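This report refers to the structure that appears directly beneath it.
Note that the coordinates shown come from a computational prediction; the quantities given were computed from them, not determined experimentally. In what follows, every chain begins at residue 1, and chains take the letters A, B, ... in the order their sequences are listed.
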2 protein chains.
Amino acid sequence: MSPQPNKRPGRTIRSVQIAFNIIDLLQEEAGIGVTRIADELGHSKSTVHSHLRTLEERRIIVREGDGYRLGLRFLDVASHVRDQIGNFDIVQKEVDSLAEETGEIVQFGVEEYGMVSYLHKAQGEHAVETLSRVGTQQPMYSTSLGKTILAYLPPERIEEIAAAMEYEPKTANTITGPEELFEELETIREQGYGIDDEENINGLRCVSAPVKNDETILGAISITGPSSRFTEDRLHGELADYVRSAANVIELNTKFS
Amino acid sequence: MSPQPNKRPGRTIRSVQIAFNIIDLLQEEAGIGVTRIADELGHSKSTVHSHLRTLEERRIIVREGDGYRLGLRFLDVASHVRDQIGNFDIVQKEVDSLAEETGEIVQFGVEEYGMVSYLHKAQGEHAVETLSRVGTQQPMYSTSLGKTILAYLPPERIEEIAAAMEYEPKTANTITGPEELFEELETIREQGYGIDDEENINGLRCVSAPVKNDETILGAISITGPSSRFTEDRLHGELADYVRSAANVIELNTKFS
DNA sequence: AGACACGTTCCCCAGGCGGGAACAGATATA
DNA sequence: TATATCTGTTCCCGCCTGGGGAACGTGTCT
């Protein structure tokens, strides 16, 4: 885990931290029990036990066999979260249809905590398999979604996020510093879409278009595919057009809601 | 909320309870702030403040405007939960294709805490709109998914769940007591599928088939539609066949994993 | 300028919570 | 069958944490 410069001060509650440590652990590895959790987190069994009881009563976790796993309540929470983000149905519909039309991977992402989170993803029929899943967090400097969203955030927020970034080179093409990033953002604003030319994963290219409501950016929609199919020409041509028009449809539908 | 007879004893941790009360509240209503939350939960502002700080540091919640909402991390958690349940991709694929084939609503549900949770849902093109969403919990006695799953649970678990049930009549056809329920379960076991004849919502009928792994039930798959299209004959005929063969495909694919 | 929201900070002190150890079952090993 | 060694559970103690009240800072209305 990277250091977190955005740590605001103020008191934080230990028991709650422990509870979420347990949840995090169960997210990584389901089916473990009291002893194992206690060892892993460095707490006494009795402590962990009380916590598990609490979480179980809350239906956050479920006993299964001889161990615990996270409960299905999280699915419900997740669907509420999506709804709260606004117009998820339209986003979903547009992403799905673009994926079907093009046969590639289409994703919609929003910014949170200085990273991109994927809200929805659809795979067309000859889409490449990638590891990214809905909900995953990715850095903003190495993805077209991230750069595109960043380009349209308010200047002070761009500064803030850029300052907290650690430029880790994922491939030979990854952006490695702020100057380069700011130039790229400028380009994106000029052409109205963003490109990822194997900057995050070797062999993969993406184009993204911003989705705005008035002047505030809501997120971005992207299409991803292998460099073999995604030539320079297609990227800047028809593929860019695809995402821009999809973004437009979403914008039009969200504007009046 | 119904009373919870399954309350195991044991110590439970107050601060964690408070934290989840806050999360629950934010799930219901996003965008509220410290004061409002404090009022709603009957805590002091300072208490709520510390909790919000903790949750924010954990990225469970996010500041937005002047209020908080649940964070996108929940999407990630939800996708982990689905994976942990086992073979979600196969379930998803089968549900989607059945929905496309029939044009109706297809759902997959599993039992948790004596209720049915929807793991996945797909709407065909002329599907009726229903309120149920992924993650929602429904009672077991009034839904075909619920009854079907219940029918194949171990006897002692059936007893346990049935004992904790409160039979609330949703429509004129809702099952109203244990005897009636047990008879119905017997019928389901005999015919190998379960029917909901407007027992949960007026005008809607469903058929469900169980998905088992060896002798343990994993969940059930159902198809839902308006009574006008879902006649007695179709329900027990082609529609039952549809869900049973879909259930079979899932069973075959999960068996060897 | 005043009044009233809001979020934040400070401090206090009771009681909640973490930990150690003892206890209870279940499974394994001989 | 007895012994050992895993589990999960319960009990109790004492520290310190977390909840509450009140003061404070700030912005937004009259």
Worksheet item: Where the side chain of B:Gln107 meets the backbone of B:Ser222, is there a donor-acceptor pair that is under 3.5 Å apart?
Response: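 Checked: no pair found.
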Worksheet entry | Pairs flagged by ring-ring contact (aromatic ring centres under 6.0 Å, His included) wherever residues 17-50 of chain A is involved - sequence neighbours left out |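 Non-adjacent pairs meeting ring-ring contact (aromatic ring centres under 6.0 Å, His included): A:Phe20-B:Phe20.
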Worksheet entry | NZ/NE/NH1/NH2 to OD/OE distance under 4.0 Å, B:Asp24 and A:Arg73 |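 Result for this pair is yes, salt bridge flagged.
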Side-chain N or O of [X] versus OP1/OP2 of [N]: is the shortest distance under 4.0 Å?
X       : N      : answer
A:Ser15 : D:dG18 : yes
A:Thr35 : D:dC6  : no
B:Ser50 : D:dG19 : no

Fill in: Check: A:Arg14 side chain, C:dG18 base, donor-acceptor under 3.5 Å
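No, no donor-acceptor pair under 3.5 Å.
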Item to complete: Would you please name every residue forming a ring pair (Phe, Tyr, Trp, His ring centres under 6.0 Å) with A:Phe108, sequence neighbours left out?
Response: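 Residues passing ring pair (Phe, Tyr, Trp, His ring centres under 6.0 Å) with A:Phe108: none at all.
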Nucleotide [N], atom [atom2] - distance to [atom1] of [X] in whole Å:
X       : N      : atom1 : atom2 : result
A:Arg36 : D:dT5  : CZ    : C1'   : 18 Å
A:Leu52 : D:dT10 : CG    : P     : 13 Å
A:Gln17 : D:dC16 : CD    : C1'   : 16 Å
A:Ile32 : D:dT7  : CD1   : C1'   : 14 Å
B:Arg63 : C:dC6  : CZ    : P     : 14 Å
B:Arg53 : D:dG19 : CZ    : C1'   : 16 Å
A:Ile13 : C:dG16 : CD1   : C1'   : 13 Å
A:His49 : C:dG19 : NE2   : C1'   : 14 Å

N/O to N/O distances under 3.5 Å, protein versus nucleotides 26-29 of chain D:
none

Fill in: Side-chain heavy atoms of B:Ile32 within contact of B:Glu40, under 4.5 Å
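Answer no - side chains too far apart.
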Practice prompt. Could you work out which one of D:dG19, C:dG18, D:dG8 sits closest to the side chain of A:Val34?
Written response: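 Nearest nucleotide to the side chain: D:dG8.
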Discussion item. Pick the closest DNA chain D nucleotide for A:Gly67 and for A:Val16 by heavy atoms, then say which residue is nearer the 5' end.
Written reply: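 Final value for this comparison: A:Gly67.
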Item to complete: Just need the stems in DNA chain C: three or more back-to-back Watson-Crick or G-U pairs, each with both distances under 3.5 angstrom, sorted by first number.
Response: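 Looking at DNA chain C, the stems formed by three or more consecutive pairs are C:1-30 with D:1-30.
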Worksheet item: Which residues, if any, of residues 41-48 of chain A bring a heavy atom under 4.0 Å of DNA chain C?
Response: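 Listed by number, they are A:His43, A:Ser44, A:Ser46, A:Thr47.
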Practice prompt. Could you note down all residue pairs passing salt bridge (Lys or Arg N to Asp or Glu O under 4.0 Å) where residues 77-95 of chain A supplies at least one of them, sequence neighbours left out?
Written response: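 Counting only pairs at least two positions apart or across chains, the salt bridge (Lys or Arg N to Asp or Glu O under 4.0 Å) contacts touching residues 77-95 of chain A are A:Asp83-B:Arg133.
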